[in-house]
Chemist: 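I have a structure here, written as structure tokens, and I will follow up with some questions on it.
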Amino acid sequence: MSDNPYSTAVLAWYETNARDLPWRRPEASAWSILVSEIMLQQTPVVRVLPAWRAWMERWPTPADLAREPSGEAVRMWNRLGYPRRALRLHACAVAVTEEYGGRVPDDHATLLSLPGIGAYTAAAVASFAFGQRHAILDTNVRRVLARAETGIQYPPKTQTKAETALAESLLPPTPSVAARWGVAVMELGALVCTARAPACADCPIAGQCAWRLAGKPAHEGPPRRGQTYAGTDRQVRGKLLAVLRDSVHPVSKDALDVVWDDGVQRERALDALVSDGLVDPLDDGRYALPG
DNA sequence: CATCCGTGGAG
DNA sequence: TCTCCAAGGAT
């Protein structure tokens with residue numbers, strides 16, 4: 001096994017162009033890296049930065065977070081989106097504190113067993129925090145590999161086994177190099193090989209990119225349609241939760257009812273929030289963030 | 001495996 | 001305005 005054909009160029013590019021993100025600094029704890037990865041799930045770096053700083057200042061260790069009620073995590077999460085992540089991060093803190101002596105586990109399988117941590121995040125923490133050799137396959141890497149290797153503009157909508165195999169085949173043999181490679185390809189996708197307007201002129205592997213060499217053929221097949229948001233239960237959930245987040249005290253049912261006209265949809269959304277553990281229905285008929 | 005789960009910014 | 005997309009995970 002030897003390093004893949006891109007690694008030297010990509011690693012050199014990363015050396016010069018990497019962003020100075022706080023969770024990449026040498027002094028960043030494994031826990032702070034884990035927190036950043038949860039926050040970064042489907043959320044842009046620029047929005048995570050201030051949230052991560054405030055979060056780590058308030059709760060520097062998993063034990064600090066674990067002794068808070070989960071509702072405080074939901075409140076602190078503010079408007080980062082997908083608030084179930086806050087709940088799972090809190091559950092993660094509890095598990096790390098109670099089952100692993102307050103230390104973030106360093107093996108992939110154990111990380112994978114923690115709440116809110118899937119294949120990508122487990123690999124990311126094992127690689128970025130502990131320098132291990134794991135394939136990093138996030139939306140950025142998928143796009144880079146789709147273009148450079150497969151020669152298509154966009155990766156498939158859902159991740160395939162072929163993509164996983166490809167990412168693993170490109171992994172440099174030495175763990176420390178592999179870890180560096182993973183974050184470097186991700187950064188290349190985030191800064192150069194972007195979804196809308198890739199800056200091929202600035203790309204260190206443009207000369208070896210199958211998609212570019214093929215003349216950048218446009219995406220084939222049906223348009224990659226994302227779900228619409230307006231009018232969905234997600235929007236209603238967001239409005240309901242915002243009321244609770246912004247109130248120090250439990251709120252009356254009336255205070256929740258005003259945020260959405262359609263009563264059927266509103267009740268469905270509220271029930272779902274309760275079911276998810278994001279909202280706590282009190283005995284007196286009011287509602288609060290979970291205690 | 002397809003769908004659901006928030007939010008905000010860029011083009 | 002409207003569409004697309006941003007370090008995914010759980011079911």
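Within every chain, numbering begins at 1; the chains are lettered A, B, ... in the order of the sequence lines, protein sequences first and strands thereafter.
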Chemist: Which residues within residues 238-255 of chain A lie with some heavy atom under 4.0 Å of an atom in DNA chain B?
Modeler: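 Only A:G238, A:R245 qualify.
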Chemist: Among pairs that include at least one residue of residues 261-271 of chain A, which meet salt bridge (Lys or Arg N to Asp or Glu O under 4.0 Å), considering only residues two or more places apart or in two chains?
Modeler: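 Pairs touching residues 261-271 of chain A that pass the test: A:D233-A:R268, A:K253-A:E267, A:D257-A:R266.
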Chemist: Just the rounded figure in Å: distance from P of C:dA7 to CZ of A:R24.
Modeler: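 In whole Å, C:dA7 P lies 11 Å from A:R24 CZ.
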Chemist: Which sits closer to the 5' end of DNA chain B, A:Q159 or A:Y82, going by the nucleotide each is nearest to?
Modeler: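 Whichever sits nearer the 5' end wins; that is A:Q159.
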Chemist: What parts of residues 10-23 of chain A reach DNA chain C, counting only heavy atoms under 4.0 Å away?
Modeler: A:R19, A:L21, A:W23
Chemist: Please determine whether a side-chain nitrogen of the Lys or Arg among A:R180 and A:E15 lies less than 4.0 Å from a carboxylate oxygen of the Asp or Glu.
Modeler: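 A salt bridge is present here (some side-chain N lies under 4.0 Å from a carboxylate O).
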Chemist: What parts of residues 136-150 of chain A reach DNA chain B, counting only heavy atoms under 4.0 Å away?
Modeler: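 Nucleic-acid contacts, sorted: none.
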Chemist: Is the closest side-chain donor-acceptor distance between A:R234 and A:Y82 under 3.5 Å?
Modeler: yes
Chemist: By a strict heavy-atom criterion of less than 4.0 Å, which residues belonging to residues 37-46 of chain A are in contact with DNA chain C?
Modeler: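 Here the set is A:E37, A:L40, A:Q41, A:Q42, A:P44.
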Chemist: Mind checking ring pair (Phe, Tyr, Trp, His ring centres under 6.0 Å) for A:W77 and listing every partner two or more places apart, or none if nothing turns up?
Modeler: A:W55
Chemist: Rounding to an integer number of Å, can you tell me how far A:L80 CG sits from C:dC5 P?
Modeler: 21 Å
Chemist: Considering every strand and a 4.0 Å limit on heavy-atom distances, what is the contact class for A:R88: base, sugar-phosphate, or nothing?
Modeler: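 Counting heavy atoms under 4.0 Å across all strands, the contact made by A:R88 is with sugar-phosphate only.
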Chemist: Are a donor atom and an acceptor atom from the side chains of A:Y120 and A:Q41 found within less than 3.5 Å of each other?
Modeler: no
Chemist: Please give, in whole Å, the distance from B:dT7 P to A:R237 CZ?
Modeler: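 It is 10 Å, rounded to the nearest whole Å.
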Chemist: Between P on B:dT3 and NZ on A:K157, what's the gap in Å once rounded to a whole number?
Modeler: 9 Å
Chemist: Could you say whether A:R79 or A:D276 is positioned toward the 5' end of DNA chain B, judged by the nucleotide with the nearest heavy atom to each?
Modeler: A:D276
Chemist: Once you round it to whole Å, what is the distance between P of C:dG8 and OH of A:Y120?
Modeler: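 So the two atoms are 7 Å apart, to the nearest Å.
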